[in-house]
Structures are given as C-alpha cells and as structure tokens.
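I'd like to ask you about the structure that follows.
Values in this document were obtained by computation on a predicted structure and should not be read as measured data. In what follows, residues are counted from 1 in the order of the sequence shown.
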Amino acid sequence: MLNNHLKTKVMSRKITQESVQAFYNRAKFNKSNMSVEITDEGFPLLKLHGNTIAGKDYEGTWITDAGWPTRTTFERLNGFDNIRVNTKKGQVYLNGEAWDGEKVYISN
C-alpha cells in the first residue's frame, strides 16, 4: 500500500513511485535507471543514471536537475510532495517560479 503522499501522484510512473517511496522510507533501492543510496549519516540520496537529483541532510530535503534538465529528470522530481517541475518556452519552472536546476531545499 502506498503512503498518502503518493496517492496524489497517480500520474507518476511506477518506478518514480517506488523510488520516491524508498527515499521517504530511507531504504536502499535499485531498479532500472533509478537508485536510492543511504549516506553514512543515514540520509537518502535519489539517483537517476547515477546522478543525484534529490537528497536529505541536516537542513532538509533538496532537489536538483544535476545538470540534466530532461523530461525524465522532471518526472522523477515531480514524484515528491508539493513539487511541480515543468518547462514552458524553454524555461524550467519549479512550482511556478523560474528555476535554474541548481540545488534548492524543498522542506525542512
């Protein structure tokens, strides 16, 4: 059974749901092009093709496009609660605000 935070993301691909679920549960995950690794401090890192696109640390949860502003990267990031990454006329937007893809904290 999926946690409540995934119920609103019914349009996400199954691999996105599974990897984000593993991230929230701080559980190792490895399937296809996605993985979740756990740092020595016990924090999760979400990786797409080996590139870290989300993580958690002492300051909170953060996301980045890791230099790969692709539809796949955005679809994976959209698996997180209250996150909407999209492009319009070549500009990337995070929750309606222009975003350069650099690391940004999304929660404490």
Side-chain angles (χ1 to χ4, degrees):
M1 181 169 159
L2 296 176
N3 286 346
N4 286 338
H5 63 83
L6 291 179
K7 288 181 181 175
T8 60
K9 299 288 184 174
V10 294
M11 297 303 291
S12 296
R13 296 174 56 97
K14 184 176 181 182
I15 193 165
T16 298
Q17 293 174 354
E18 292 173 346
S19 59
V20 170
Q21 180 71 47
F23 179 91
Y24 280 124
N25 290 338
R26 296 180 186 216
K28 288 184 180 179
F29 177 85
N30 192 354
K31 185 175 182 181
S32 186
N33 59 12
M34 293 300 298
S35 64
V36 174
E37 296 178 5
I38 307 302
T39 67
D40 291 340
E41 294 85 14
F43 294 118
L45 298 173
L46 181 68
K47 297 190 173 201
L48 171 61
H49 293 294
N51 298 294
T52 303
I53 60 169
K56 189 166 181 69
D57 59 27
Y58 293 107
E59 295 180 45
T61 301
W62 51 267
I63 62 170
T64 175
D65 70 12
W68 296 95
T70 66
R71 285 184 278 180
T72 302
T73 302
F74 300 156
E75 194 277 332
R76 300 302 193 262
L77 295 175
N78 284 332
F80 284 92
D81 292 342
N82 304 312
I83 294 299
R84 174 73 175 121
V85 181
N86 65 301
T87 58
K88 185 175 181 181
K89 297 183 180 177
Q91 173 64 56
V92 178
Y93 292 90
L94 171 61
N95 294 339
E97 300 289 327
W99 182 45
D100 61 5
E102 293 296 313
K103 181 178 175 178
V104 61
Y105 282 88
I106 60 171
S107 69
N108 298 4

Name the atoms and distances for all side-chain donor-acceptor pairs under 3.5 Å in residues 86-94, with sequence neighbours left out.
none

Any side-chain heavy-atom pair of Gln21 and Phe29 under 4.5 Å
no
Set of side chain to side chain contact (heavy atoms under 4.5 Å, CB included) partners for Asn95, sequence neighbours left out:
Ile83, Arg84
Without swapping roles, check the side chain of Thr64 against the backbone of Gly101 for a donor-acceptor pair under 3.5 Å.
yes
Find the distance between OG (Ser35) and CG (Leu48) and round it off to the nearest 0.5 Å.
9.0 Å
Verdict with reasoning, Lys56 to Phe23, per side chain to side chain contact (heavy atoms under 4.5 Å, CB included):
CA-CA 9 Å; Lys56 189 166 181 69; Phe23 179 91; 4.2 Å; yes
Is there side-chain contact between Trp62 and Thr52, with heavy atoms separated by less than 4.5 Å?
yes
For Ser19 against Met34, the heavy-atom pair lying closest together:
OG-CE, 3.6 Å
For the student: nearest non-hydrogen atoms of Val36 and Pro44, plus distance:
CG1-CB, 4.2 Å
Just do the side chain to side chain contact (heavy atoms under 4.5 Å, CB included) check on Ile63 and Val104 with the steps written out, would you?
CA-CA 6 Å; Ile63 62 170; Val104 61; 3.9 Å; yes
Can you name the closest pair of heavy atoms from Thr16 and Gly79 and give their distance?
CG2-CA, 3.8 Å
Name the orientation class of the two ring planes belonging to Phe74 and Trp99 (parallel below 30°, tilted from 30 to 60°, perpendicular beyond 60°).
tilted
Report yes if the side chains of Ile106 and Asn82 come closer than 4.5 Å at any heavy-atom pair, otherwise no.
no
By salt bridge (Lys or Arg N to Asp or Glu O under 4.0 Å), which residues pair with Lys47, not counting sequence neighbours?
Glu37
Work out which heavy atom in Glu75 is nearest to a heavy atom in Arg13; give both atom names and the distance.
OE2-N, 2.9 Å
For Asn51, side chain to side chain contact (heavy atoms under 4.5 Å, CB included) partners two or more places apart
His49, Ala66, Trp68
Of all heavy-atom pairs linking Ile15 and Ser32, the shortest is CD1-CB, 3.6 Å
If I take atom OG1 from residue Thr61 and atom CZ from residue Phe80, how far apart are they, to the nearest 0.5 angstrom?
7.0 Å
Run the side chain to side chain contact (heavy atoms under 4.5 Å, CB included) test against Glu97 and tell me which residues pass, sequence neighbours left out.
none
Please round to the nearest 0.5 Å and tell me the distance separating atom OG1 of Thr72 and atom CG of Asp65.
12.5 Å
Measure the CG-CZ distance between Asn33 and Arg76 for me, rounded to the nearest 0.5 Å.
5.0 Å
Partner residues of Lys28 under the salt bridge (Lys or Arg N to Asp or Glu O under 4.0 Å) criterion, sequence neighbours left out
none
